[in-house]
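Step one of this worksheet: look at the structure below.
Below, read A as the first sequence line, B as the second, and so on, with proteins coming before strands; counting in each chain starts at 1.
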Amino acid sequence: MAAIVSEQLLDWYDAHARDLPWRARPGDPAPDPYRVWLSEVMLQQTTVAAVKPYFEAFTSRWPTVEDLAASPEEDVMAAWAGLGYYSRARNLVKAARAVAERGGFPETEKALRELPGLGAYTAAAVAAIAFDRRAVVVDANVERVVSRLFAIREPLPGSRKAIRTCAEEITPDSRAGDFAQAMMDLGATICTSRDPKCLLCPLQTACRGRAEGDPALLPVKAPKKAKPVRQGKAWWIERDSAVWLIRREGKGMLGGMRALPDDGWSAGGDGSGAPPLDGEWQGAGVVRHTFTHFALELSVERQSTREEPPGHGEWWPVDQLEEAGLPTLFAKAARLVLA
DNA sequence: GACCCGTGGAC
DNA sequence: TGTCCAAGGGT
């Protein structure tokens, strides 16, 4: 059964592979590990459509991992703005510098796993796709496809071990990279979360979930928790057509990103923090923004001044705010003020 | 294992 | 409109 599955899937992939910017075309030399790695990191929890323009921008600006390694971190952070999960950008720079230092990407799953930002999935994916190593690549697509193919009814995340065992079983010894990408293409276009296209599926005759009648109900997932709503304040301080931006510290929420000064809402603040300047503040409105595990109502207040706010920051020309690389929350706040 | 960490699109 | 979700990793 395992050999049949991988064979049918690879045949399907040869005919129906998606044409994606980070994939080698037929006739291309071996895939570029830099582009494979960069795309895999960008694609973590992020849709193909969202990644495409960022991938083009990054590879144009930094064509090699050495170029990226030589770039100031804040430039990379600004280029990542809007893509989310900013620890990826922080780790991207660290990993690029480690790779440049050692003279190239490691080629084994185990060694790749040592690089910051490469977990079990990404290390396996890069090993398989860039270096043609046999590796068991398990992402959300594979979890869905395998759950249905083997009719695994135990809910996630408890079923992960069983899923991995089954994925291991059907991973071929050769073309592991194509197999991994085939599983992802199948999951993205045929074995979709909602309304799977079973009639078009190359694995329909092997699929136990389909045989048992309810593939769309798999995988079963644990119920989600409700998101609390937090309140916060942010301050727009303007002087000579420039706005005061700070850079958020550490590894926490939006860490490393440029931002408006705020009252500490991300640390659990309740919106009662003191403003960074005295004087008359003018309400500019409220931004609503939903993060992974809470929603935020951010009140934006503005003031024009001739003073210098305390602490570290920079005056950023308002007509060049696009280049500051504000994360979406603060880009929304800026839009509100400038509307 | 649980929780933290963004965002925009589909329905 | 709210909900779900997408090529996860770090702690």
Categorize [X] for me: base, sugar-phosphate, or nothing, with a 4.0 angstrom heavy-atom threshold over every strand shown.
X	result
A/Met184	base
A/Trp37	nothing
A/Ala120	sugar-phosphate
A/Lys332	nothing
A/Thr46	base
A/Leu92	nothing
A/Ala125	nothing
A/Gly255	nothing
A/Leu83	base
A/Thr122	sugar-phosphate

Handout entry: Pair of N/O donor and acceptor under 3.5 Å linking C/dA6 base with A/Arg194 side chain
Key = no
Are side-chain heavy atoms of [X] and [Y] found at a separation under 4.5 Å?
X	Y	result
A/Asn141	A/Met183	no
A/Leu43	A/Trp22	yes
A/Ile237	A/Trp315	yes
A/Trp37	A/Leu112	no

OP1, OP2 of [N] versus side-chain N and O of [X]: anything below 4.0 Å?
X	N	value
A/Ser193	C/dA6	yes
A/Lys251	C/dG10	no
A/Gln45	C/dG8	yes
A/Lys227	C/dT3	no

Fill in the blank from the handout: Considering only heavy side-chain atoms of A/Gln44, the closest of C/dA7, C/dA6, C/dG9 is C/dG9
Practice task
On DNA chain B, check which nucleotide each of A/Pro157 and A/Ala49 is closest to and give me the residue with the more 5' one.
Solution key: A/Pro157
Problem - Upstream residue (5' side of DNA chain B) when A/Arg160 and A/Leu329 are each assigned their closest nucleotide - result: A/Arg160
Calculate the interatomic distance between [X] atom [atom1] and [N] atom [atom2]; express it in whole Å.
X	N	atom1	atom2	result
A/Arg144	C/dA7	CZ	C1'	11 Å
A/Ile163	C/dG8	CD1	P	13 Å
A/Arg88	C/dG10	CZ	P	12 Å
A/Asp139	C/dA7	CG	P	6 Å
A/Tyr85	C/dA6	OH	C1'	9 Å
A/Arg113	C/dG8	CZ	P	15 Å
A/Leu156	C/dC4	CG	C1'	15 Å
A/Leu118	C/dG10	CG	P	8 Å

Handout entry: Distance, P atom - from C/dA7 to B/dA2, rounded to whole angstrom
Key = 22 Å
Problem - Toward the 5' end of DNA chain C, by each residue's nearest nucleotide, A/Pro116 or A/Thr47 - result: A/Thr47
Problem - Bounds of contact between DNA chain B and chain A, in 5' to 3' order, using a heavy-atom cut-off under 4.0 Å - result: B/dC3 to B/dG8
Exercise for the section: Indicate whether any N or O donor in one side chain lies under 3.5 Å from an N or O acceptor in the other, for A/Arg61 and A/Ser71. Expected result: no
Problem - Modelled atom types, side-chain donor and acceptor of A/Gln181 and A/Arg23, under 3.5 Å - result: yes
Problem - Charged N-O contact under 4.0 Å between A/Glu114 and A/Arg102 - result: no
Practice task
Measure the acute angle between the ring planes of A/Phe291 and A/His289, then classify it against the limits of 30° and 60° as parallel, tilted or perpendicular.
Solution key: perpendicular
Exercise for the section: Give the ring-plane orientation class for A/Trp235 versus A/Trp281, where under 30° counts as parallel, over 60° as perpendicular and anything between as tilted. Expected result: tilted
